[in-house]
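Notes to accompany the following structure.
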Amino acid sequence: MADMATHVITGAGSGIGAAVARRLHARGDDLVLHARDAGRAKELAAAFSGARTLVGDLADPDRLSWAFSHQSLPDRVDSLLHIAGVVDLGPVGELTPKTWHHQLNVNLVAPAELTRHFLPQLRTTRGHVVFVNSGAGLRASADWSAYAASKHGLKALADALRHEEHGNGVRVTSVYPGRTASPMQAKVHQQEGKEYDAAEWIDPESVATTILLALDLPRDAEVNDLTVRPGR
């Protein structure tokens with residue numbers, strides 16, 4: 001990755017996204033942090049001095065193009081890091097279309113739309129697209145159908161993009177973390193009716209280390225898929 005690279009990051013407000021943003025910010029890279037609304041953008045700008053923000057609701061991907069047309073997009077993008085995500089558990093017999101659409105929009109359709117917007121810049125820099133997927137993107141369990149479907153779709157998006165953009169020098173990596181200590185994991189435990197202990201799960205910093213490994217790999221190699229599992 002070039003000196004003073006520019007990274008567009010979703011999900012920088014907490015968990016894995018925040019850990020990645022902190023690491024890149026600390027080494028002096030330029031950050032463009034996605035936020036769902038102006039209030040969240042203000043919080044991110046305060047947390048990461050000098051970072052730019054980009055506002056748009058991932059839950060409404062049909063309006064992302066309109067939202068971006070009223071803002072200044074970065075001229076240079078060295079990496080696009082899709083880290084934001086949502087999860088709502090439930091059996092197939094009880095999940096409503098609203099629940100399905102919400103997870104598919106945020107976890108799959110919005111990353112595709114963001115990628116479409118930034119591909120011209122990524123082609124110019126021979127940049128990198130990283131999709132933070134999930135173990136659920138490789139296998140589905142009871143009550144995880146909608147979330148797993150969105151993540152299986154995200155794997156398909158990454159695989160297709162990798163084949164399409166290889167000739168343009170764009171690298172594409174999917175990262176499949178197991179359960180990671182984060183607000184999302186706390187919500188999952190609540191939905192499962194289980195007690196949450198962050199110490200039992202992967203530290204977001206460990207996942208951030210794997211993401212930076214892929215980003216910083218010399219140009220003679222490309223990491224396609226990384227699976228990260230709890231070590232305890």
Side-chain angles (χ1 to χ4, degrees), residues 9-20 34 36 57-59 61 80-115 129-162 172-211 213-214 223-232:
I9 308 174
T10 72
S14 65
I16 296 169
V20 170
H34 170 271
R36 63 179 175 270
D57 188 356
L58 299 183
L80 173 58
L81 309 177
H82 298 288
I83 307 179
V86 294
V87 59
D88 283 295
L89 305 184
V92 173
E94 297 178 9
L95 291 176
T96 65
K98 182 178 180 180
T99 301
W100 277 93
H101 285 308
H102 182 60
Q103 292 180 85
L104 288 169
N105 281 344
V106 174
N107 297 344
L108 175 57
V109 182
E113 178 67 350
L114 282 171
T115 301
V129 184
V130 176
F131 296 92
V132 175
N133 200 300
S134 165
L138 300 173
R139 66 195 63 82
S141 302
D143 296 331
W144 287 77
S145 60
Y147 180 76
S150 71
K151 292 298 189 175
H152 274 67
L154 194 67
K155 179 184 185 302
L157 169 61
D159 290 348
L161 182 69
R162 183 179 302 113
V172 179
T173 300
S174 287
V175 181
Y176 301 90
R179 295 202 179 206
T180 303
S182 65
M184 176 183 282
Q185 192 55 230
K187 178 182 178 181
V188 167
H189 275 69
Q190 183 181 31
Q191 292 179 355
E192 292 176 327
K194 299 177 181 178
E195 185 175 344
Y196 174 63
D197 181 358
E200 295 182 0
W201 309 114
I202 304 170
D203 190 314
E205 293 289 343
S206 298
V207 182
T209 296
T210 68
I211 293 172
L213 168 68
V223 175
N224 293 163
D225 298 281
L226 274 170
T227 300
V228 187
R229 291 288 177 264
R232 297 180 181 85

**Prompt:** Among pairs that include at least one residue of residues 132-152, which meet salt bridge (charged side-chain N to carboxylate O under 4.0 Å, His left out), considering only residues two or more places apart or in two chains?
**Reply:**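 Sorted pair list comes back empty.
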**Message:** Give me each pair satisfying side chain to side chain donor-acceptor pair (under 3.5 Å) with a member in residues 84-105, each pair once, sequence neighbours excluded.
**Reply:**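 Of all non-adjacent pairs touching residues 84-105, those that pass side chain to side chain donor-acceptor pair (under 3.5 Å) are Asp88-Lys187, Asp88-Gln191, Thr96-Thr99.
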**Message:** Donor-acceptor check, side chain of Thr10 to backbone of Ala84, threshold 3.5 angstrom: yes or no?
**Reply:** yes
**Request:** Applying side-chain contact (heavy atoms from CB on, under 4.5 Å), run through Ile211 and Ile16 and close with a yes or a no.
**Result:** CA-CA 10 Å; Ile211 293 172; Ile16 296 169; 3.9 Å; yes
What's the shortest heavy-atom distance between [X] and [Y], and which atoms?
| X | Y | result |
| --- | --- | --- |
| Ala148 | Ala136 | CB-O, 3.4 Å |
| Val132 | Pro177 | CG1-CG, 4.0 Å |
| Ser145 | Leu95 | OG-CD1, 3.4 Å |
| Gly178 | Ile202 | N-CD1, 3.9 Å |

Test side-chain hydrogen bond (donor to acceptor under 3.5 Å, both in side chains) applied to [X] - qualifying residues, sequence neighbours left out:
| X | answer |
| --- | --- |
| Thr115 | His82 |
| Ser174 | none |
| Thr173 | His128 |
| Asn133 | none |

**Asked** What distance separates Phe131 CZ from Ile83 CD1, expressed to the nearest 0.5 Å?
**Response**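 CD1 of Ile83 is found 12.0 Å from CZ of Phe131.
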**Asked** Atom CG of Leu58 and atom NE2 of His34: how far apart are they, to the nearest 0.5 Å?
**Response**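 Here the interatomic distance stands at 4.0 Å.
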**Request:** Start with the C-alpha gap between Val223 and Leu213, add the side-chain angles, then the distance that decides, and say whether side-chain contact (heavy atoms from CB on, under 4.5 Å) holds.
**Result:** CA-CA 9 Å; Val223 175; Leu213 168 68; 5.5 Å; no
**Request:** Go through Ser206 and Val228 one step at a time and tell me if the side-chain contact (heavy atoms from CB on, under 4.5 Å) criterion holds.
**Result:** CA-CA 9 Å; Ser206 298; Val228 187; 5.7 Å; no
**Residue pairs involving residues 135-158 (criterion ring-ring contact (aromatic ring centres under 6.0 Å, His included); sequence neighbours excluded)** = Trp144-Tyr147
**Item:** Listed partners of Leu138 passing side chain to side chain contact (heavy atoms under 4.5 Å, CB included), at least two apart
**Value:**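 So Leu138 forms a side chain to side chain contact (heavy atoms under 4.5 Å, CB included) with Lys155, Tyr176, Thr227, Arg229.
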**Request:** Answer yes or no: is there a side-chain heavy-atom contact under 4.5 Å between Leu154 and Asn107?
**Result:**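 Side chain of Leu154 against side chain of Asn107, heavy atoms only: no contact under 4.5 Å found.
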**Request:** List in chain and number order the residues that pass salt bridge (Lys or Arg N to Asp or Glu O under 4.0 Å) with Arg162, two or more places apart in sequence or in another chain; answer none if no residue qualifies.
**Result:**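 For Arg162 the salt bridge (Lys or Arg N to Asp or Glu O under 4.0 Å) partners, ignoring immediate neighbours, are Asp159, Glu222.
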